[in-house]
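Residue numbers count from 1 along this sequence. In listed order, ligands and their atoms are each counted from 1.
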Amino acid sequence: MSPAKLSLVSDNQSSNPDVEAHSIRLDDFSAYYGKNCIISDVNLKLPNKGVTCLIGPSGTGKSTILRWLNRINEDTENASFSGTIKVLGRDFISGYPDVTELRRRVGMVFQQPCVFPCSIYDNMLMGLRGRKLSEMQARDSVEQGLKSASLWDEVSHRLETRADALSLGQQQRLCLARALVLKPDVLLLDEPTASIDPVSSRAIEDLVMSLGNKISVVMVTHNIGQAKRISDHVVFICDGKVVEQGPRTHMFSSHCSAKTKTYITEEFCDC
Ligand SMILES: Nc1ncnc2c1ncn2[C@@H]1O[C@H](COP(=O)(O)OP(=O)(O)OP(=O)(O)O)[C@@H](O)[C@H]1O
Ligand SMILES: [Mg+2]
């Protein structure tokens, strides 16, 4: 697999005045399902560039945070929140009256590849439906996106075949390619390598690191080795609270808190 090429990252950040020093900022953010408080008073400031890994035990609320950042939880029965989230300097709700704009600027890839039951080519163009692209522009976007996700070489000769006939690893890279074609400013990845083989997983890690040079990538992972390889920043979440956050060099050093150390060395949580 060829290394990821980065022709599709956003150029919004340099031209857009509403972009602050932080791509995403949570202030006293709490999230609930019914009466259950899942995330409690979280404060986070994520930088404009770089890879932030969210780590922590299962059921601790990592996906819930991503699902709010992309406003998927708005459509989830019983889900509510308090506090504020700013995305690229704007309130994530009042600042984005059209949720499509938020989702264009904040792409998301889920743990399980989520492809549409149509061709690879049509999957790639799903998010671009509102734009008036010529046939040639559409083909170019598809090619660039697939190349960015290191998938072009494997599928260029069969773009008209169904996307759900691809292997899981290929489907996951297709989901990434589909997100990248929209040139997001922020990319949310929820355990994107959890269901795929080590080779595809390393290809995605390479891509994530390259993307981190240009945009903000927020990635949930249970793979501590992966977080150590690819992150610039690490946020350790347990029981709905941020236990510790900081640069990778701190979080994986002897200076991190005892709780972080226990989690990253023994993959056990005593919070
Ligand atoms: N739609 C929902 N309705 C009710 N409870 C939910 C819903 N979605 C998630 N939860 C609960 O919220 C808690 C946090 O779930 P979440 O998926 O955010 O955890 P997570 O940290 O991503 O876990 P994992 O690492 O296993 O993916 C869990 O107890 C889960 O059962
Ligand atoms: Mg999860």
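- Checking T221 against N223 by side-chain atom types alone, no donor-acceptor pair falls below 3.5 Å.
- Atom-to-atom distance recorded for L151:CG and L176:CG is 10.0 Å, nearest 0.5 angstrom.
- Side chains of R229 and M209 form no contact here, defined as non-hydrogen atoms less than 4.5 Å apart.
- In summary, the side chains of Q172 and S200 do not present any donor paired with an acceptor at a separation below 3.5 Å, with no hydrogens or angles considered.
- Between the side chain of N36 and the backbone N or O of Y32 there is no donor-acceptor pair closer than 3.5 Å.
- Under a 3.5 Å cut-off, the side chain of R248 and the backbone N or O of S231 do form a donor-acceptor pair.
- Of all the atoms in ligand 1, the ones that sit under 4.0 Å from a non-hydrogen atom of T76 are 1 (N).
- With ligand atoms numbered from 1 in the order given, ligand 1 contributes 25 (O), 27 (O) to contacts under 4.0 Å with heavy atoms of E191.
- Side chain of T262 to main chain of C269: no donor-acceptor pair is present (N/O by atom type, distance under 3.5 Å, no hydrogens or angles).
- Protein heavy atom in closest approach to atom 17 (O) of ligand 1: S63 CB, 3.7 Å.
- Those atoms of ligand 1 that come under 4.0 Å of a heavy atom in H222, given as number and element, are 24 (P), 25 (O).
- Residue T64 has at least one heavy-atom neighbour below 4.0 Å for each of these atoms of ligand 1: 14 (C), 15 (O), 16 (P), 18 (O).
- Screening residues 161-170 for side-chain hydrogen bond (donor to acceptor under 3.5 Å, both in side chains), with sequence neighbours left out, gives E154-Q170, R162-D164, S167-Q170.
- When only interatomic distances are considered, the shortest N/O to N/O separation between K62 and ligand 1 falls below 3.5 Å.
- Closest to atom 28 (C) of ligand 1 among all protein heavy atoms lies G59 O, 3.9 Å.
- Taking every heavy atom of I38 and a limit of under 4.0 angstrom, the matching atoms of ligand 1 come to 12 (O), 13 (C), 14 (C).
- The only option from V217, L46, N48, V106 that meets the side-chain contact (heavy atoms from CB on, under 4.5 Å) definition with V186 turns out to be V106.
- Less than 4.0 angstrom separates atom 31 (O) of ligand 1 from none of the non-hydrogen atoms of the protein.
- For ligand 1, the atoms closer than 4.0 angstrom to any heavy atom of T60 are 19 (O), 20 (P), 21 (O).
- Protein heavy atom at the shortest distance from atom 6 (C) of ligand 1 is Y33 CD1, 3.3 Å.
- At a distance under 4.0 Å, a protein heavy atom can be found next to atom 4 (C) of ligand 1.
- In terms of the side-chain hydrogen bond (donor to acceptor under 3.5 Å, both in side chains) criterion, residue partners of R67 (sequence neighbours excluded) are, by chain and number, N73, T76.
- Ordered by chain and number, S63 OG make up the set of protein N, O or S atoms under 2.8 Å of the Mg ion (ligand 2).
- Residue, atom and distance of the protein heavy atom nearest to atom 26 (O) of ligand 1 are S58 OG, 2.5 Å.
- In the vicinity of G61, heavy-atom distances shorter than 4.0 Å reach the ligand 1 atoms 14 (C), 18 (O), 19 (O), 20 (P), 21 (O).
- With a 4.5 Å cut-off between side-chain heavy atoms of Ile, Leu, Val, Met, Phe, Trp and Tyr, the cluster of M126 takes in F116.
- Between the side chain of D190 and the backbone N or O of Q111, no donor-acceptor pair lies under 3.5 Å.
- By the 6.0 Å and 45° rule, R139 stacks over the aromatic ring of Y121.
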